[in-house]
Amino acid sequence: MTAGILRESGSEKRVALLPGETASVIKMGLKVLAETGAGEGAFATDAEYLSAGATVVTRKEVITGADLLFTVNPPLADEITLFREGQIIFTVLDPVINRDWLEKARIRRLTVLALDLVPRITRAQSMDILSSMATVAGYKAVLEAASLLPRFFPMFMSAAGTIKPSRVLILGAGVAGLQAIAVARKLGAVVEVFDVRSAVKDEVKSLGGKFIEVEGAKEDAAAGGYAVEQSDDFKRKQQELIQQRAAAADVIIATAQIPGRRAPVLVLKETVARMKPGSVIVDLAASTGGNCELTENGRKVVVSGVTIVGKSDYPAAMSSDASRMFGNNLINLLKIMTDREGNVKPDLSDEIVAGTTAVSDGEYRSPRVKQLLDIKQI
Ligand code: NAD
């Protein structure tokens, strides 16, 4: 079978497979076509793809010549007529945003594997692109905050006197939040952490963070490790405590999200007004509404002297390692679908494949896609 690597468009700098990972795919028995310039944003040249064993061709030749297509973002909607029945597209789907594209792909009888819907089970950990990208985001968020902050992160003892360490408040201890704790601690800050899932308490502590608990959080084992919407009483108690801790913080890294819903608003306007001027909030939940009431998605704003960064494209800003992690996750998923002869056949009886297959043979498949798009039947 032949796999194709597409070049991304717009501000996307990542590529689904770098030359190193391309060589691994070729070893699995696949031929690879790479679009001219596919790796440019991630600092990989066409010559490197060629020496990895790929053939470098035009976009049209990749789309028409490949059985499998690897891409970070779905291809353009007006290209859909170039695709043919049975082709398998591996992409980060974001089904709500790309609902119309997905419907076109279904009608065209393509198979779409949504890399953002890999189930959160232990066997699928090595395939989880969202975790990889959250790791990058958590790391970069702290570095951005440190570079914007007019203070040191670590305690400093010098001839000019002793400088106190910065206080970092982390909201949400999922993959991004845990990475942010680790990096902020390595830089020497004092770290406090809020989460509604008490299961993360030990992990937070082992990374050197202080877990701030609000009594009465609602947890739901059926939510697959994700958080659920909280009661009004809990929200009020949490907000009071966050106000208090935020006023003492130099930096807030906000990562709290609830899948399929608006991100919880945890930092109110009044809270920002109580923060020290010069403080920094990096809101990784910006694309789903933000954890801070004043966050503007994709922008950096300054309110009452507090800089609020609403960025959600950190993985694209670290395109080289983000692409490497992306490619490795993709290969691990590909492996469970590939037979000894190098044929890729998604088998819907496998829990991971069933959860990841958004559409195939003209049908919506993944229960999560159906739930997110509210699809009862076709
Ligand atoms: P996420 O991005 O959905 O949310 C980030 C964090 O925000 C979560 O920890 C969540 O509990 C927290 N949060 C939500 N509402 C909040 C509120 N009101 N106040 C404070 N915090 C709030 O989370 P994620 O990074 O995707 O991780 C969720 C869980 O899934 C983690 O336990 C993670 O380890 C697990 N996970 C498992 C796998 C796997 O087993 N394959 C893969 C990835 C993640």
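Counting begins at 1 with the first residue of the sequence. Note that the coordinates shown come from a computational prediction; the quantities given were computed from them, not determined experimentally.
Checking D233 against S231 by side-chain atom types alone, no donor-acceptor pair falls below 3.5 Å. Residues S166 and R151 have side chains that never bring a donor and an acceptor to within less than 3.5 angstrom of each other. With no hydrogens or angles considered, a side-chain donor-acceptor pair links E48 and T45 at under 3.5 Å.
Residue F90 forms a side-chain contact (heavy atoms from CB on, under 4.5 Å) with just one option from V112, L17, L334, and that option is L334. Among the candidates S126, S132, S131, the single residue satisfying the side chain to side chain donor-acceptor pair (under 3.5 Å) test with N329 is S132. Of the options I170, V204, L241, a side-chain contact (heavy atoms from CB on, under 4.5 Å) to F194 is made by L241 and by none of the others.
A distance-only check finds no donor-acceptor pair linking the side chain of E293 to the backbone of T271 [under 3.5 Å]. The backbone N or O of V306 lies less than 3.5 Å from no partner atom in the side chain of S304, so there is not a single donor-acceptor pair. Between the side chain of R365 and the main chain of A358, no donor-acceptor pair closer than 3.5 Å is present. In this structure a side-chain-to-backbone donor-acceptor pair under 3.5 Å is present from E61 to T58. Distance alone, capped at 3.5 Å, is enough to place a donor-acceptor pair between the T91 side chain and the V72 backbone. For N291 (side chain) and A285 (main-chain N/O), no donor-acceptor pair under 3.5 Å exists by modelled atom type. Judged by distance alone, the side chain of E8 and the main-chain N or O of T71 form no donor-acceptor pair under 3.5 Å. Of the possible polar contacts, none joining the D283 side chain to the G310 backbone as a donor-acceptor pair under 3.5 Å is found. At distances below 3.5 Å, at least one donor-acceptor pair connects side-chain atoms of T255 with backbone N or O atoms of G172.
A salt bridge is defined here as a Lys NZ or Arg NE, NH1 or NH2 lying under 4.0 Å from an Asp or Glu carboxylate O, and R274 with E270 fails to meet this definition. Ionic pairing of E79 and R59 is present here: one or more N-O contacts between side-chain nitrogen and carboxylate oxygen are shorter than 4.0 angstrom. A salt bridge between R262 and E229 is absent, with no side-chain N of the basic residue lying under 4.0 Å from a carboxylate O of the acidic one. In summary, E12 and R14 engage in a salt bridge, as defined by a charged side-chain N under 4.0 Å from a carboxylate O. Using a cut-off of 4.0 Å between Lys/Arg side-chain N and Asp/Glu carboxylate O, R84 and D67 are scored as salt-bridged. Between E240 and K237 there is no salt bridge, since none of the side-chain N atoms of the basic residue sits less than 4.0 Å from a carboxylate O of the acidic one. The residues E85 and R109 are annotated as salt-bridged, a charged nitrogen and a carboxylate oxygen being separated by less than 4.0 angstrom.
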message = Set out, in order, the CA-CA distance, both residues' side-chain angles and the distance that settles side chain to side chain contact (heavy atoms under 4.5 Å, CB included) for F153 and D250, then state yes or no.
response = CA-CA 9 Å; F153 259 43; D250 299 289; over 6 Å; no
key: side chain to side chain contact (heavy atoms under 4.5 Å, CB included) assessment of T36 paired with R7   = CA-CA 7 Å; T36 312; R7 181 190 171 124; over 6 Å; no
key: Verdict with reasoning, V359 to V369, per side chain to side chain contact (heavy atoms under 4.5 Å, CB included)   = CA-CA 9 Å; V359 292; V369 169; over 6 Å; no
request  = Please assess Q230 against Q238 for the test side chain to side chain contact (heavy atoms under 4.5 Å, CB included), listing each intermediate value before the final yes or no.
outcome  = CA-CA 10 Å; Q230 299 298 313; Q238 190 189 32; 5.8 Å; no
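Residues M337 and L113 meet the side-chain proximity criterion, which asks for heavy atoms closer than 4.5 Å.
The line from CG of L143 to NZ of K140 is 6.5 Å long, rounded to the nearest 0.5 Å. In this structure, I129 CD1 and L333 CG are separated by 7.5 Å, a value rounded to the nearest 0.5 Å. Rounding to the nearest 0.5 Å gives a distance of 10.5 Å between CG of L171 and CD of E192.
Under the 4.5 Å side-chain contact rule for hydrophobic residues, I308 and I242 share a cluster.
Within 6.0 Å of NZ in K276 there are more than 12 heavy atoms belonging to other residues, nucleotides or ligands.
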